[in-house]
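Okay, so here's the structure we're looking at.
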Protein chains: 2
Amino acid sequence: MNSLFKALSHPVRRRIIAMLRSGPLSSGDIAAAFDMSWPTVTGHLNALKEAELVSTEREGQSIRYRLEISAVEEALAFLMDLSGTGKTDEEDKAP
Amino acid sequence: MNSLFKALSHPVRRRIIAMLRSGPLSSGDIAAAFDMSWPTVTGHLNALKEAELVSTEREGQSIRYRLEISAVEEALAFLMDLSGTGKTDEEDKAP
DNA sequence: GTTGCATTTAGGGCTTTTCCTAATTAGCCC
DNA sequence: GGGCTAATTAGGAAAAGCCCTAAATGCAAC
């Protein structure tokens with residue numbers, strides 16, 4: 001859960017997941033969309049993967065990244081709880 | 001918007017806003033709830049304030065921090081767009 | 001096998017974040 | 001005003017994050 005919000009905290013990573021909204025993309029397609037080196041994008045993809053915001057799957061000789069909605073929903077649940085929509089006491093303890 | 005998610009990316013700051021859910025609290029009350037120095041908590045409160053997640057108001061000799069729901073809702077909107085609930089193309093450009 | 005393409009790992013530099021202690025400001029109350 | 005309490009700013013050390021280039025891996029196709 002900590003890695004979830006940490007993953008969402010970087011503009012490039014938010015843009016990546018927004019790109020993935022309309023369907024899976026290969027690492028190359030994603031890297032091409034940014035003005036930074038491919039390895040740097042890989043780093044961001046790893047962060048997203050660790051947060052379980054994306055999953056990977058091999059497709060021929062490329063690898064497809066798919067958005068995992070369930071992780072997005074987890075973040076949504078936290079925020080909705082905050083905004084009074086929900087009542088549960090969902091919270092991560094200990095710093 | 002970037003500072004919003006960055007503010008949400010730290011466990012202590014998420015706990016602070018969760019505490020504030022049930023009503024405003026003084027800086028001292030908040031600091032007392034954590035096992036860290038008061039100035040460190042002040043730093044986190046400043047981050048939340050910069051993200052406009054909290055607002056301040058003097059109350060006698062203490063200062064009250066209040067949760068600003070509108071900022072939470074902004075984050076909610078972004079995530080709902082991602083999860084397919086909405087259709088708008090809200091996105092922050094340029095890293 | 002080996003060549004070739006897509007992607008990742010390794011290593012390093014630079015900036016930012018996080019946390020601390022010590023010193024300082026801000027405002028209430030007598 | 002003067003003292004007290006609440007809260008902040010200053011300064012600095014340690015850790016984490018971000019980005020790069022160069023080297024390595026994984027598969028597929030020949």
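So you know, we letter chains A, B, ... as the sequences are listed, proteins then strands, and number each from 1. Note that the coordinates shown come from a computational prediction; the quantities given were computed from them, not determined experimentally.
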How many whole angstroms separate atom [atom1] of [X] from atom [atom2] of [N]?
| X | N | atom1 | atom2 | result |
| --- | --- | --- | --- | --- |
| A:L48 | D:dG17 | CG | C1' | 14 Å |
| B:N2 | D:dC18 | CG | P | 10 Å |
| B:I63 | C:dA26 | CD1 | P | 11 Å |
| B:E50 | D:dT9 | CD | P | 13 Å |
| A:L25 | C:dT7 | CG | P | 11 Å |
| B:R64 | D:dT8 | CZ | C1' | 19 Å |
| B:M36 | C:dT17 | CE | P | 16 Å |
| A:L45 | D:dC19 | CG | C1' | 15 Å |

Quiz item: With a non-hydrogen cut-off below 4.0 angstrom, is B:R13 in contact with a base, only sugar-phosphate, or nothing?
Solution: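 Sugar-phosphate, no base atom in range.
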Exercise. Select base, sugar-phosphate, or nothing to describe what A:T42 touches, counting heavy atoms under 4.0 Å on all strands.
Key: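 Base: the residue A:T42, judged by heavy atoms under 4.0 Å, touches a nucleobase.
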Side-chain N,O ([X]) to OP1/OP2 ([N]) below 4.0 Å:
| X | N | result |
| --- | --- | --- |
| B:Y65 | D:dT8 | yes |
| A:K6 | D:dG17 | yes |
| B:N46 | D:dT9 | yes |
| B:S62 | D:dT5 | no |
| B:H44 | C:dT17 | no |

Practice problem: Please work out whether the ring planes of B:H44 and B:H10 are parallel, tilted or perpendicular, with thresholds of 30° and 60°. | Solution: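 Tilted.
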Quiz item: Between B:D81 and A:R21, does a side chain to side chain contact (heavy atoms under 4.5 Å, CB included) hold up when you go through it step by step?
Solution: CA-CA 9 Å; B:D81 182 34; A:R21 198 181 29 176; 3.0 Å; yes
Self-check item: Backbone of B:G23 reached by a side-chain donor or acceptor of B:R64 within 3.5 Å
Solution: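 Side chain of B:R64 to backbone of B:G23, a donor-acceptor pair under 3.5 Å: no, none is there.
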Exercise. For the pair B:R13 (side chain) and B:K6 (backbone), establish whether a donor and an acceptor sit closer than 3.5 Å, ignoring hydrogens and angles.
Key: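 Flag set: sc B:R13 to bb B:K6 pair under 3.5 Å.
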Exercise. Flag the pair A:E68 / A:L53 as yes when at least one side-chain heavy-atom distance between them is below 4.5 Å, and no otherwise.
Key: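 Side chain of A:E68 against side chain of A:L53, heavy atoms only: no contact under 4.5 Å found.
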Quiz prompt | Side-chain heavy-atom pair A:I16, A:F34 within 4.5 angstrom cut-off | solution =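 Touching, per the 4.5 Å side-chain cut-off.
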Quiz prompt | Member of B:L67, B:L8, B:L4, B:I17 meeting the side chain to side chain contact (heavy atoms under 4.5 Å, CB included) criterion with B:V72 | solution =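 Single pass found, and it is B:L67.
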Quiz prompt | Protein proximity profile, nucleotides 21-30 of chain D - base contact B, sugar-phosphate-only contact S, no contact -, cut-off 4.0 Å on heavy atoms | solution = BB----SS--
Exercise. Please determine, for the side chain of B:H10, which listed nucleotide (C:dT18, C:dC20, D:dT8) has the closest atom?
Key: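 Shortest atom-to-atom distance from the side chain points to C:dT18.
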